[in-house]
Amino acid sequence: MRFRILVKIPIVAFFLLMAIVSCSTDNVDDSVTDDGGLDDDEIVTELHAAFAEFNSDATTIYLDGSNVVIETTGLPNHETVYWGEGNELYIEEDGVATTPSIMSSNNNATTITVDATPDLTGNTVATQLNTIGIAVSGASIFNDQEGNGALDQAAASLDWTGAHIGPGVYHYHLEPKAFTNDDDNLVGILLDGVFLYGRRDYPSGDYPTDLDESGGHFGPTPHNPDGEYHYHIINEVYSTTGSYLAFAGPYQGY
Ligand SMILES: [Zn+2]
Ligand SMILES: [Zn+2]
């Protein structure tokens with residue numbers, strides 16, 4: 001919820017300013033009521049079909065008015081060295097400069113609240129450090145930053161599925177190969193309410209060629225054949241990782 005509020009304040013301020021500046025014209029009322037960003041009263045009655053893909057052991061997902069709330073334990077349903085020895089999903093990964101294990105961290109749980117209908121009418125918004133979305137596995141998605149620098153510095157600690165931990169939640173920076181590997185699979189949902197898919201488009205199976213700066217475009221998805229705005233993992237190898245950034249922003253749906 002606080003993400004949304006932070007973004008909406010400047011938008012409201014902008015329209016107040018517009019109303020003051022242009023109060024002598026007859027079109028002011030129309031320009032305000034026509035803006036989707038100010039219309040938050042819409043009640044959505046059904047969860048988007050894509051939410052059926054999320055790990056139900058980790059996530060609890062429900063509608064709250066015009067929002068969707070996603071509560072997660074943050075514990076992914078796939079193997080990684082980060083589970084730590086003794087866990088049934090632990091695997092050895094030679095060459096990964098490991099940070100603390102998942103189970104040694106006591107703050108994996110995260111709750112995000114997103115718009116059930118993304119607002120694509122406003123300005124773009126940069127991503128921040130920390131959780132930028134929740135993946136279908138139940139774990140967090142982060143952007144291309146690590147601490148105060150570029151991800152390169154921490155690349156050695158990324159596991160086989162482009163994730164690591166520490167000091168907070170286990171999170172993906174790169175294409176999460178545990179559930180998307182050069183395909184059109186659902187990756188997760190981002191804080192602006194837009195779904196993120198793999199590198200290939202549905203139903204063609206090709207790499208999309210009409211993506212905006214965020215990796216987004218309008219078109220059909222496996223969960224909405226009629227088409228909607230969605231992101232893809234951009235098909236450009238990142239630095240020396242041999243893999244692809246999950247999402248570097250900016251958000252289009254705030
Ligand atoms: Zn990280
Ligand atoms: Zn697409």
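All ligand and atom numbering here is 1-based and tracks the order in the structure. Positions are given from 1, in the same order as the sequence printed here. Everything numeric in this text was worked out from a predicted model, so none of it was measured.
- The atom of H173 nearest to the Zn ion (ligand 1) is NE2, with the search restricted to N, O or S atoms.
- Checked against the Zn ion (ligand 1), the N, O or S atom of E146 at the shortest distance is OE1.
- Vertex the Zn ion (ligand 1); arms to H164 atom NE2 and H171 atom NE2; angle 100° (nearest 10°).
- Between Y231 and F247, the two ring planes are tilted [angle within 30° to 60°].
- The pair D183-R200 does not meet the salt-bridge criterion, since no charged nitrogen lies less than 4.0 angstrom from a carboxylate oxygen.
- Angle OD1(D201) to the Zn ion (ligand 2) to NE2(H230), rounded to 10°: 140°.
- Using bins of under 30°, 30° to 60° and over 60° for the plane-to-plane angle, the ring pair H173/H164 lands in the perpendicular bin.
- Using the six-membered ring where Trp is involved, F195 and H48 have ring planes that are tilted, between 30° and 60° apart.
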